Amino acid sequence: MFLGLSLVCILSAAAQGQIDSTDMFFKHLELKEVTITGALGDMKMKESPLPITILKAKELHELPSLNLIDALAKMPGMAQITTGGGISKPVIRGLGYNRIVVVNDGIRQEGQQWGDEHGLEIDANEVGTVEILKGPASLMYGSDALGGVLVLKGYPILPKGTLKGSVNAEYQTNNGLFGGSINLGGNHKGYFWDVRYSEKHAHAYKNRYDGYVPNSQFYERAFSAKVGLMKSWGISTLKFGYYNLNPSIVEGERDTITGELLSEVEHVRTYRNALPYQRVHHCKAVSETSVRLKLGQLKLIMGYQQNQRKEYEESPDKYGLYLQLHTLNYDFRYVSEKIKGWKFSTGVNGMGQKSLNLGEEYLIPDYGLFDFGVYATASKSWNRWNLSGGLRYDHRYLSSKGLKEGDGERFTDFRRHFNGVTGSLGATFEVTKHLDLKFNMARGYRAPNISELASNGEHEGSLRYEIGNRHFKPEYSWQTDFTIDYANKYVEFQASMFVNHIRNYIYLHRIDSVIEPDLMTFEYAQGNALLWGLEASLDCHPIHSLHLAVNFSYVNAQLLRQPRKMRWLPMTPAPRLTGNVKYEITHKAKVFDNAYVAAHLDWYLRQSHCFAAYDTETPTPSYVLLGLSVGTDIKIKGRKAFELHVIADNLTNACYQDHLSRLKYADVNVVTGRRGVFSMGRNVVVKLVLPLTIPK
């Protein structure tokens, strides 16, 4: 429907002479010149052989979301694993958990990302730009970047002699979420600084089937400070960050007579935590220095992170599970300038980790980890071709500590060494000024994480008992990507197709054994997998003020040589079709500037490809979500005073369960026969962005 409407609008406008070519500078033409981060240093999107999506803060403000990943999950090829109201984990082309690397402040974010209920410890208000890299990126980031990378960048350094800030505020009607963020920064003769404080509170969300969902409330707090020096020789920055998330854990237990969800509190709309709940603290310090050389650039990044995760189950005064993770990141690299069309880079990076159990309950053992990787890449540009490729070697050493419990042994001592050789080769060919063809082949590598190797305990937020296997082999993948990219002043079309063969793929499935009463038992297993799929998008501007877009994403993920019930990989996103219509009402107006109105549709098709053995997964029916949004800049005396956005999501108040929601498998409602907890109903979001410009 959207595709047909787009073409009709273009032909109609062209026939009537309504298209003004002087105004029609389509967004994608500008994006092609955007500089992105990669193994070869900074490069233009047009030159990259891999499909990349870029989102800026302005676009994130226009999306309804509970957190950053909730917003990014609306992009083509993206999805999210959710548990409750405040926890979301990124999925790229059907791969998530430790197969996705998130880079923030120049280093990979490490916060026990192997768990379903372990979200991303990042303040969304800090993010100025997001780069979504789809496909293996092991050359730059080593183990774990098997499925893709999210590169989160802050706001640009302010110009010299500038002092600016901002105040953001947000309210959501469904869960009573209210939040705010205040920021102030400046630059005096090349000495720059920036500070930010953010908070967010939400009570339980609701839907038509479940009413208010007990224990879906959460609380978030974040603080960051940055100082730096920018001179002719380069840039040096030191940043400190603190993030605190307190989400209650939705268990989905129901009354055996009424079928209603059970709650530990009298008023489910409370903003206070209710048992069970988590307290997550993430502290970070990062030093980054870039030195300009005559023929290139040297960069050194050092970072330290500490992640504390406490789970309170029986008493608010005493935690049961307490995981403390220390991570030291290092990255040293050299990137050359272009010399006769050639560009080179080389570097060494890695991390050291130490994880401790400080509580009375255990899921994983204490362990230590150290890894390093060395890589070299090269690219060559000539005429209409751009070729790029490289090689990398990784080594990881993991030492796990045993633990005796009673007469038995909870965890066993073991040592493992993992090695990986990865590489990639890609090409971009400019067929015409508007048409590019891209091809890339890459080998990825991922060492098993500690949960897959050694977990043996109750995973509270996932409502299950998990068992690992310390004999697992590393995962290796071969992925091929082919992309068609066409854009002119009126239309953009992009189609990306991929095939990804993964050897020794590790997955989690249910077994018949019962270790803990009232808990399902899950065990990690290993096999070969094949994933293939595509993302296709069409955008057009038939007139300057009208924007029409349609996107489609599909992933087919199979375990090879398995019986039918074990044929499909667990946690595979459903096919999705999205459509957007946006009309920009004003430009350069005196009071209401850049005003717009937009409508969006998200159609999630039925997902029948599920891991059905032992009732690990069940099919998920199709559902449609409709939304409307309006926004404008408000000017006072010719200057922008603030931005206002009002977004209505799930207008029809549809009741649905995302295929990747862990709450889908909670208790059955004995009255209705429906299993699990449903997602959020109708929600109206109000966002306010107030810029602060302080005179010199």
Side-chain angles (χ1 to χ4, degrees), residues 35-52 92 99-101 103 106-108 131-151 290 293 295-301 329-351 371-382 385-396 418-429 438-447 474-483 498-502:
T35 300
I36 60 174
T37 303
L40 285 159
D42 295 338
M43 64 188 304
K44 293 180 180 179
M45 274 190 65
K46 182 180 178 68
E47 300 173 348
S48 173
L50 283 173
I52 296 174
I92 301 178
R99 297 180 182 93
I100 303 297
V101 168
V103 177
I107 62 173
R108 53 189 289 165
E131 296 176 6
I132 305 173
L133 174 59
K134 303 167 187 174
S138 299
L139 279 182
M140 186 70 175
Y141 304 105
S143 175
D144 301 354
L146 202 69
V149 179
L150 297 181
V151 181
S290 297
L293 303 176
L295 296 177
Q297 181 185 70
L298 279 176
K299 179 175 285 190
L300 173 63
I301 304 175
N329 304 87
Y330 63 94
D331 189 335
F332 181 72
R333 73 185 81 149
Y334 167 76
V335 180
S336 74
E337 297 290 340
K338 272 193 176 181
I339 304 173
K340 295 183 180 181
W342 284 96
K343 190 174 183 179
F344 304 92
S345 74
T346 185
V348 57
N349 56 24
M351 64 180 179
D371 69 6
F372 71 89
V374 57
Y375 67 90
T377 65
S379 70
K380 168 68 174 177
S381 300
W382 80 95
W385 285 92
N386 187 283
L387 296 179
S388 60
L391 290 171
R392 179 184 176 104
Y393 170 76
D394 280 282
H395 176 79
R396 171 172 291 185
F418 302 101
N419 300 284
V421 177
T422 56
S424 72
L425 181 63
T428 300
F429 178 62
K438 301 182 178 186
F439 175 83
N440 192 78
M441 177 173 285
R443 188 181 196 239
Y445 149 80
R446 185 183 77 90
E475 294 179 349
Y476 291 98
S477 73
W478 277 105
Q479 177 161 319
T480 302
D481 288 87
F482 179 70
T483 302
F498 69 93
V499 178
N500 191 4
H501 182 272
I502 304 177

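FYI, the numbering just counts along the sequence from 1. Predicted model, so just to flag it, every value in this text is computed and none were measured. Any value given below was found using the heavy atoms of this structure, including those in side chains, with hydrogens, waters and symmetry copies removed.
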Any donor-acceptor pair under 3.5 Å from Thr483 side chain to Pro51 backbone
no

message = Closer than 3.5 angstrom, by distance alone: can the side chain of Lys380 be matched with the main-chain N or O of Lys340 as a donor-acceptor pair?
response = yes

Applying side chain to side chain contact (heavy atoms under 4.5 Å, CB included) to Leu391 and not counting sequence neighbours gives none

Separation between CD1 (Ile502) and CG (Leu146), nearest 0.5 Å, reads 5.0 Å

Note: Gly423 and Leu139 closest approach over all heavy atoms is CA-CD2, 4.2 Å

In terms of heavy-atom contacts, Pro49 and Ala427 come closest through CB-N, 3.8 Å

- Query: Do Arg443 side-chain atoms and Tyr476 backbone N/O form a donor-acceptor pair below 3.5 Å?
  - Reply: no

TODO: Compare all side-chain heavy atoms of Leu133 with those of Val151 and state whether any distance is below 4.5 angstrom.
DONE: no

TODO: Apply side chain to side chain contact (heavy atoms under 4.5 Å, CB included) to the pair His501 and Thr480, showing each step before the final yes or no.
DONE: CA-CA 9 Å; His501 182 272; Thr480 302; over 6 Å; no

d(Tyr334 OH, Leu295 CG) to nearest 0.5 Å is 5.5 Å

Worksheet item: Does any N or O in the side chain of Asp371 come within less than 3.5 Å of the main-chain N or O of Met351, such that one atom is a donor and the other an acceptor?
Response: yes

Next on the checklist: Determine whether Tyr375 and Asp394 satisfy the following criterion, side-chain hydrogen bond (donor to acceptor under 3.5 Å, both in side chains), listing intermediate values before the conclusion.
Outcome noted: CA-CA 9 Å; Tyr375 67 90; Asp394 280 282; over 6 Å; no

Exercise for review: Please lay out, stage by stage, how Lys134 and Ile92 fare under the test side chain to side chain contact (heavy atoms under 4.5 Å, CB included).
Suggested key: CA-CA 7 Å; Lys134 303 167 187 174; Ile92 301 178; 3.9 Å; yes

Heavy-atom nearest pair, Val335 first then Ser345, reads CG2-CB, 4.0 Å

Q: Say whether, by atom type as modelled, one donor and one acceptor occur between the side chain of Asn349 and the main chain of Met140 under 3.5 angstrom.
A: yes

Next on the checklist: With heavy-atom distances below 4.5 Å as the criterion, would you say the side chains of Leu387 and Trp382 are in contact?
Outcome noted: yes

- [ ] Mind running side chain to side chain contact (heavy atoms under 4.5 Å, CB included) on Leu300 and Tyr330 for me, showing each step along the way?
- [x] CA-CA 8 Å; Leu300 173 63; Tyr330 63 94; over 6 Å; no

Closest non-hydrogen atoms of Ser143 and Ala447, given as atom of the first, atom of the second and distance, are OG-N, 3.0 Å

In this structure, CD of Gln479 is separated from CG of Asn500 (nearest 0.5 Å) by 4.0 Å

Applying ring-ring contact (aromatic ring centres under 6.0 Å, His included) to Trp342 and not counting sequence neighbours gives Phe344

Note: Ser381 and Lys338 closest approach over all heavy atoms is OG-NZ, 3.3 Å

Output for pair (Lys343 NZ, Ser388 OG), nearest 0.5 Å, gives 11.0 Å

CG of Asp481 to CG of Leu50, rounded to nearest 0.5 Å, is 5.5 Å

With a 4.5 Å heavy-atom cut-off, do Val499 and Trp478 have their side chains touching? no

Rounded to the nearest 0.5 Å, the CZ atom of Arg392 sits from the OG1 atom of Thr346 at a distance of 10.5 Å

Residues passing the ring-ring contact (aromatic ring centres under 6.0 Å, His included) test with Phe498, sequence neighbours excluded, are none

Nearest heavy-atom contact between Lys299 and Ser290 is CE-OG, 3.0 Å

Apply the test side chain to side chain contact (heavy atoms under 4.5 Å, CB included) to residues Ile52 and Ile132: give CA-CA distance (whole Å), side-chain angles for both, the deciding distance (0.1 Å), then the verdict.
CA-CA 6 Å; Ile52 296 174; Ile132 305 173; 5.9 Å; no

